[in-house]
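Chain naming here is simple, since letters A, B, ... match the order of the sequence lines and numbering starts at 1 in each.
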2 protein chains.
Amino acid sequence: MIPQDALSELQAMLGERLSTGKSDLSLHGRSETFHPEMPPDAVAYPVTTAEVAAIVQTCARHGLPVIGWGTGTALEGHASAPRGGVTVDFRHMDAVLEIVPDDMLVRVQPGCTREALNTELRATGLMFPVDPGANASLGGMAATRASGTTAVRYGTMRDQVRGLEVVLADGRVIHTGSRARKSSAGYDLTALFVGSEGTLGLITELTLKLWGQPEATAAAVCGFATTEGAIDAVILAMQMGLTPARIEYVDVATTRILNAADGADLPETPHLLLEFHGSDAAVATEAEHFGQIAADHGGSAYRWATKPEDRSKLWSMRHRAYHTILATRPGATAVVTDVCVPISKLGQAIARAAADIDVSSLDGPILGHVGDGNYHAILLVDRNAPTEIAEAKRLSDAMVAHALDLGGTATGEHGVGLGKLHLMEAEHGAAWDVMGAIKRSLDPDGTMNPGKLVRQN
Amino acid sequence: MIPQDALSELQAMLGERLSTGKSDLSLHGRSETFHPEMPPDAVAYPVTTAEVAAIVQTCARHGLPVIGWGTGTALEGHASAPRGGVTVDFRHMDAVLEIVPDDMLVRVQPGCTREALNTELRATGLMFPVDPGANASLGGMAATRASGTTAVRYGTMRDQVRGLEVVLADGRVIHTGSRARKSSAGYDLTALFVGSEGTLGLITELTLKLWGQPEATAAAVCGFATTEGAIDAVILAMQMGLTPARIEYVDVATTRILNAADGADLPETPHLLLEFHGSDAAVATEAEHFGQIAADHGGSAYRWATKPEDRSKLWSMRHRAYHTILATRPGATAVVTDVCVPISKLGQAIARAAADIDVSSLDGPILGHVGDGNYHAILLVDRNAPTEIAEAKRLSDAMVAHALDLGGTATGEHGVGLGKLHLMEAEHGAAWDVMGAIKRSLDPDGTMNPGKLVRQN
Ligand SMILES: Cc1cc2nc3c(=O)[nH]c(=O)nc-3n(C[C@H](O)[C@H](O)[C@H](O)COP(=O)(O)OP(=O)(O)OC[C@H]3O[C@@H](n4cnc5c(N)ncnc54)[C@H](O)[C@@H]3O)c2cc1C
Ligand SMILES: Cc1cc2nc3c(=O)[nH]c(=O)nc-3n(C[C@H](O)[C@H](O)[C@H](O)COP(=O)(O)OP(=O)(O)OC[C@H]3O[C@@H](n4cnc5c(N)ncnc54)[C@H](O)[C@@H]3O)c2cc1C
């Protein structure tokens with residue numbers, strides 16, 4: 001419980017923009033997935049960096065947890081409040097502050113969503129490419145080091161953030177990075193805060209790299225006799241220097257679900273869905289080239305298109321896949337796995353996961369960002385059935401153990417939050433203690449998003 | 001001075017591979033540039049990670065400084081030993097441990113040089129692209145977050161390192177990153193150690209990303225009426241999505257020097273030198289396209305070639321530029337500036353620097369990695385003339401002050417070392433204290449490369 005004097009301080013500062021309404025607390029304690037609700041004691045809606053700093057200072061003085069909140073789409077209970085405290089919701093700090101076309105940069109507030117940013121950018125010929133499916137906030141995306149379908153060409157949030165403004169645990173405001181394309185001026189604090197999940201400070205401004213909107217876009221779909229064939233085609237394409245903007249794998253189960261729900265008419269085999277960006281000539285060359293590679297690896301029914309209607313027919317089903325899969329079991333929620341392995345091991349990893357899911361009691365269609373070696377099993381569970389959740393976690397942990405054996409990671413893009421905390425020791429060994437030492441050096445009282453990412457004591 | 005018992009311990013461990021010979025100490029105290037010699041008390045030549053850990057532990061017990069050494073080509077006195085101690089020279093840990101073509105990865109020891117790696121890779125169709133001119137060690141390049149001419153297309157060391165093995169100040173060995181292409185599993189320790197200049201630990205192994213060797217390469221040269229015209233052409237080319245592998249600027253003074261020394265016959269104007277990588281068709285398209293852009297910005301005498309002989313004629317002079325410039329003043333050394341600014345500000349930054357150099361007593365030809373907004377003035381000084389060194393530092397500091405005003409950084413690629421330490425407060429403000437806090441958390445006794453990068457107390 002939040003002490004009354006702390007509450008009064010915050011109320012005096014924020015007025016209406018401090019909420020302790022039950023439904024608001026409950027909303028800010030929820031996760032998109034299976035994690036139980038863990039509400040904060042209050043939700044603050046700041047409008048300036050100075051306000052964020054003042055909130056953090058108040059919380060520091062009272063030893064209260066502070067949890068950042070973008071759009072709450074993170075999948076591992078990242079933004080929930082297991083120890084209560086104050087959730088800082090950035091929805092009102094959502095401005096696009098400055099677009100610099102010559103330097104292909106933009107300065108935004110953390111609550112700005114990626115779709116809002118791209119709408120603002122439309123007329124400039126520039127775009128922000130990272131696409132985690134959900135219309136997440138850019139602050140949340142930086143905080144989780146998000147990526148998604150386009151990372152294979154454009155990279156992850158790690159590659160897009162040039163600089164940050166951060167409010168530290170003691171209320172100090174720092175600036176990391178610069179507007180230059182590169183720097184060797186000391187420790188890479190920008191990279192340290194990207195992916196830190198609000199455990200080291202709150203991001204109050206981001207300077208992001210932009211990219212040119214592609215002159216042309218082609219979408220393609222190809223069925224494969226086997227998963228191995230699909231993955232070998234991807235490996236070869238990457239080695240030959242093809243630069244697809246997206247390469248997504250969907251397994252047979254997902255193909256069936258998409259056929260049923262979307263009236264698609266795909267052969268019941270694993271599929272790859274691709275997108276190419278570039279000049280008209282370049283996308284045609286890449287699309288044709290990939291068709292040949294696919295044919296050599298058991299690919300069939302390869303189709304590609306550049307017209308928007310045809311493209312969106314091929315791709316809309318992928319964009320809706322998560323919700324379409326959820327809808328196959330009304331009322332269900334999901335445990336979404338997220339291992340990422342060296343691409344040469346992806347066939348093995350998927351085969352083992354699929355076999356484990358097959359003999360389990362749960363459904364778990366598999367799809368993934370195969371160009372990065374990252375796949376998700378969408379394990380469908382009843383939120384109120386502990387045995388199902390336990391079974392899903394068992395399957396997920398087995399996938400992680402296998403991925404670590406293969407030189408991979410427990411989480412390619414979703415992050416640690418609460419749900420992957422127990423896997424960090426196995427993944428990092430003594431390096432996890434180094435993370436703990438850094439956490440203690442920047443947040444000695446442990447008030448920044450406590451209970452997440454580092455070893456708990 | 002190193003205490004006798006510490007020396008005996010190290011000698012017992014390393015035998016012949018511990019050196020206290022005067023010339024060896026002197027060699028390991030020297031810098032490529034103007035910094036005075038600061039020798040260590042001993043030089044160790046370990047052959048295994050376990051030996052490195054044992055050396056570091058011995059030094060920790062005796063409170064002795066430990067300084068990593070790759071090839072000693074860093075320009076800011078990074079690897080010198082202002083407080084004595086033990087320099088750890090990685091020359092015998094230079095193996096290419098494993099090449100994984102399917103994952104486009106390589107595992108190397110830190111003493112392996114970039115040229116040695118590329119020789120090993122030749123038959124695989126893969127390459128390691130980062131090219132800082134000098135044949136530096138990969139450990140040193142990671143430690144300084146090096147880049148060079150090819151960063152505009154392939155990125156810097158920040159973008160190539162997938163994982164590290166690091167010996168910490170207390171002798172613990174940790175592993176960061178993984179073999180997967182991406183991860184959200186906690187703080188990005190890999191990025192923290194890249195660019196940390198040996199102040200947080202010694203890198204004993206690196207897992208690096210590889211790239212396909214380009215099918216074709218084209219080189220191009222173009223004169224410009226003005227520096228602004230050259231830079232505007234670069235900005236437009238990048239906005240239009242051209243992906244040159246190198247775009248180098250050389251000023252009039254450099255052009256003259258190259259004409260005189262290399263028998264080149266370039267018009268006495270600023271020039272851009274470019275390289276394109278890709279398929280035969282793609283490099284031809286890009287080279288032609290750049291020619292049109294250049295013509296619209298006062299470019300003239302544009303030539304491009306794909307045959308190796310013709311290409312090397314166009315480019316060899318750039319590769320030799322630094323030594324050719326040094327040779328214009330026999331016996332001179334250089335203060336090499338390294339600011340990096342947003343590319344839209346590069347014209348202003350170079351114009352101001354050139355004007356300052358013009359009215360100073362020193363020569364300082366300017367050249368740079370203009371696609372990244374990074375340029376170097378090679379300020380020629382007599383190592384034994386304190387007034388010249390002071391004048392060069394004054395010019396350099398003025399360039400940095402201007403670069404910071406323009407949203408840039410004091411050092412785009414060379415790093416901090418000793419020479420840029422006094423600029424970090426101005427560049428980072430309170431974020432420099434955060435670097436200090438991280439340093440203290442990982443190296444509480446301050447034995448790892450003391451005197452460098454963080455605030456000294
Ligand atoms: C259907 C669906 C599909 C998805 N697909 C992908 C995918 O393909 N790739 C992918 O990467 N992710 C995916 N996700 C996960 C999610 O979208 C990402 O994790 C996203 O980055 C979360 O952003 P958010 O704004 O919702 O952050 P939140 O969920 O609000 O917060 C995430 C974390 O960041 C912290 N945080 C938020 N804002 C700040 C701030 N300003 N400063 C400091 N810390 C802050 C929070 O405390 C929390 O720890 C998907 C989610 C859904 C529901
Ligand atoms: C002619 C010339 C041109 C250059 N051009 C460029 C350029 O274009 N771009 C560029 O980026 N640089 C350039 N440099 C600078 C230099 O080549 C780079 O800084 C390079 O990365 C240094 O590598 P090294 O192996 O020589 O490292 P060293 O000089 O031996 O060491 C550099 C730093 O790294 C530390 N270190 C070395 N090895 C390790 C290790 N294994 N673990 C931890 N710390 C370690 C050292 O303690 C020191 O602080 C140039 C230098 C010269 C002489």
remark   = Within residues 430-439 of chain A, the residues sitting under 4.5 Å from chain B by heavy atom, in sequence order, are Ala430(A), Ala431(A), Asp433(A), Val434(A), Met435(A), Ala437(A), Ile438(A), Lys439(A)
Nearest 0.5 Å, please: how far is [atom2] in [Y] from [atom1] in [X]?
X         : Y         : atom1 : atom2 : answer
Met157(B) : Glu413(B) : CE    : CD    : 12.5 Å
Met448(B) : Leu453(B) : CE    : CG    : 13.0 Å
Gln160(A) : Thr207(A) : CD    : OG1   : 13.0 Å
Ile231(B) : Tyr375(B) : CD1   : OH    : 10.0 Å

So which residue, [options], ends up with the most heavy-atom pairs under 4.5 Å with chain B?
options                                    : value
Ser196(A), Ala146(A), Gly195(A), Gly373(A) : Ser196(A)
Gly407(A), Ser183(A), Ala180(A)            : Ser183(A)
Leu210(A), Asp103(A), Leu406(A)            : Asp103(A)
Met424(A), Lys182(A), Arg179(A), Arg158(A) : Lys182(A)
Ser344(A), Pro101(A), Ala185(A)            : Ala185(A)

[X], part contacting chain B, at a heavy-atom distance under 4.5 Å:
X         : value
Glu197(A) : side chain
Val341(A) : backbone
Leu168(A) : side chain
Ile235(A) : side chain
Gln239(A) : both

ask   = With distance as the sole criterion, is a donor-acceptor pair present between the side chains of Ser147(A) and Thr156(A) under 3.5 Å?
value = no
key: Any side-chain donor near an acceptor of the partner, Thr411(B) and Asp338(B), under 3.5 Å   = yes
Counting heavy-atom pairs under 4.5 Å with chain A, which one of [options] comes out on top?
options                                    : answer
Gly155(B), Gly186(B), Gly415(B)            : Gly186(B)
Leu200(B), Val100(B), Val454(B)            : Leu200(B)
Ser441(B), Pro342(B), Gly212(B), Gly429(B) : Pro342(B)
Lys452(B), Met238(B), Lys420(B)            : Met238(B)
Ile174(B), Asp372(B), Leu126(B)            : Asp372(B)

message = Applying side-chain hydrogen bond (donor to acceptor under 3.5 Å, both in side chains), can you list everything that pairs with His289(B), at least two apart in sequence or on another chain?
response = none
query = Yes or no on side chain to side chain contact (heavy atoms under 4.5 Å, CB included) for Glu76(B) and Val416(B), after CA distance, side-chain angles and deciding distance?
reply = CA-CA 7 Å; Glu76(B) 293 293 357; Val416(B) 182; over 6 Å; no
ask   = Are Thr409(A) and Val339(A) close enough that some pair of their side-chain heavy atoms sits under 4.5 Å apart?
value = no
request  = Give the ring-plane orientation class for His277(A) versus Tyr154(A), where under 30° counts as parallel, over 60° as perpendicular and anything between as tilted.
outcome  = tilted
task = Determine whether the aromatic ring centres of His414(A) and His78(A) lie less than 6.0 Å apart.
result = no
Centroid-centroid under 6.0 Å between His175(B) and His428(A) rings = no
Leu442(B), part contacting chain A, at a heavy-atom distance under 4.5 Å = side chain
task = Give the minimum heavy-atom separation between Val370(B) and Ile343(B), together with the two atoms involved.
result = O-CD1, 3.5 Å
query = In terms of side-chain geometry, is the basic nitrogen of Glu425(B) or Arg455(B) positioned less than 4.0 Å from the acidic oxygen of its partner?
reply = yes
